[in-house]
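Remarks on the structure that follows.
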Amino acid sequence: MNKTYLKLSLDLDFVLIAVTASLKDYVLCHKINTNLNFEFYKIDDHEVYFNTDEAPLAFSKYYFFVEEGEQEYFLVSNRNSEGFLVPEMNKVDFFLIIHQFIDKEDLNFIISNLNKMPDIQVAAQIDVRKLKSKENLVM
């Protein structure tokens with residue numbers, strides 16, 4: 001009997017910025033919108049199934065689209081009352097996910113401005129491929 005194997009590959013073609021800030025998600029979005037001239041708005045929560053026989057966990061999610069360059073930005077909470085989106089990053093409060101190409105200069109501008117905000121303890125780029133729970137970040 002022949003066996004067929006299905007190889008699953010995730011689309012990990014995005015930039016991930018970990019943000020530590022002890023703020024409510026909507027407050028952080030407002031501050032980012034004000035300081036970086038973004039226009040984040042709330043969309044449906046990001047749902048992740050950790051166990052197939054249990055209900056999914058929901059994490060708040062915000063969205064911003066830049067027509068020039070067709071970049072999509074997502075701001076997703078890493079924690080809710082029942083656990084973490086990425087458990088190995090339990091010190092991180094939020095993830096900023098950037099889809100489509102962003103040049104180093106623009107990326108450094110975003111990270112440095114996030115780090116200048118008084119309510120953000122740290123914002124740093126993370127290599128998605130090194131995370132165990134990377135599949136939880138696929139939008």
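This chain uses plain numbering: 1 for the first residue, then up along the sequence.
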Practice task
Kindly state each residue pair satisfying salt bridge (Lys or Arg N to Asp or Glu O under 4.0 Å) with at least one member in residues 25-43, sequence neighbours excluded.
Solution key: K31-D119, K42-D45
Below 3.5 Å, can you tabulate the donor-acceptor pairs from side chains in residues 72-79 to any protein atom, sequence neighbours excluded?
residue	atom	partner	partner atom	Å
E72	OE2	Y63	OH	2.8
Y73	OH	Q71	OE1	3.1
S77	OG	R79	N	3.3
S77	OG	R79	O	2.9
N78	OD1	L85	N	3.4
N78	OD1	V86	N	2.9
N78	ND2	M89	O	2.9
N78	ND2	V92	O	2.9
R79	NE	D93	OD1	2.9
R79	NH2	N90	O	3.0
R79	NH2	D93	OD1	3.1

With [X], which residues qualify under side-chain contact (heavy atoms from CB on, under 4.5 Å), at least two apart?
| X | value |
| --- | --- |
| Y26 | K24, Y62 |
| D127 | R129, K130 |
| N37 | none |

Same cluster or not: [X] versus [Y], using hydrophobic residues (I, L, V, M, F, W, Y) connected whenever any side-chain heavy atoms lie under 4.5 Å apart?
| X | Y | answer |
| --- | --- | --- |
| I98 | F38 | yes |
| F64 | F14 | no |
| M117 | F94 | yes |
| F84 | I97 | no |
| L23 | F95 | no |

Practice task
Please check if the side chain of N80 supplies one atom and the backbone of F59 the other of a donor-acceptor pair under 3.5 Å.
Solution key: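 It does not hold such a pair.
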Problem - Test item: H46 side-chain N/O and L137 main-chain N/O as donor-acceptor pair under 3.5 Å - result: no
Which donor-acceptor pairs under 3.5 Å do side chains of residues 102-110 form with protein atoms, sequence neighbours excluded?
residue	atom	partner	partner atom	Å
D103	OD1	E105	N	3.4
D103	OD1	D106	N	2.7
N108	ND2	K104	O	3.2

Problem - Contacts of type salt bridge (Lys or Arg N to Asp or Glu O under 4.0 Å), residue K61, not counting sequence neighbours - result: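 Salt bridge (Lys or Arg N to Asp or Glu O under 4.0 Å) check on K61 returns nothing, list empty.
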Handout entry: Which residues share a salt bridge (Lys or Arg N to Asp or Glu O under 4.0 Å) with K91, sequence neighbours left out
Key = none
[X]: which residues meet the side chain to side chain donor-acceptor pair (under 3.5 Å) condition with it, sequence neighbours left out?
| X | value |
| --- | --- |
| S133 | E88 |
| Q121 | none |
| D53 | none |
| E70 | none |

Spacing of [X] atom [atom1] and [Y] atom [atom2] [to the nearest 0.5 Å]:
| X | Y | atom1 | atom2 | value |
| --- | --- | --- | --- | --- |
| I17 | L96 | CD1 | CG | 4.5 Å |
| L114 | T20 | CG | OG1 | 11.5 Å |
| E82 | L57 | CD | CG | 5.0 Å |
| D13 | F101 | CG | CZ | 10.5 Å |

Exercise for the section: Determine whether Y41 and N33 make a side-chain contact, defined as any pair of heavy atoms from C-beta on separated by less than 4.5 Å. Expected result: no
Practice task
Would you check if N113 and I32 make a side-chain contact, meaning some heavy-atom pair closer than 4.5 Å?
Solution key: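 No, every pair of side-chain atoms sits at 4.5 Å or beyond.
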Fill in the blank from the handout: Tightest non-hydrogen contact, residues L28 and A21, listed as CD1-CB, 4.5 Å
Handout entry: Within 6.0 Å of OH in Y49, more than 12 heavy atoms from elsewhere
Key =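 No, the 6.0 Å shell around OH holds no more than 12 heavy atoms from other groups.
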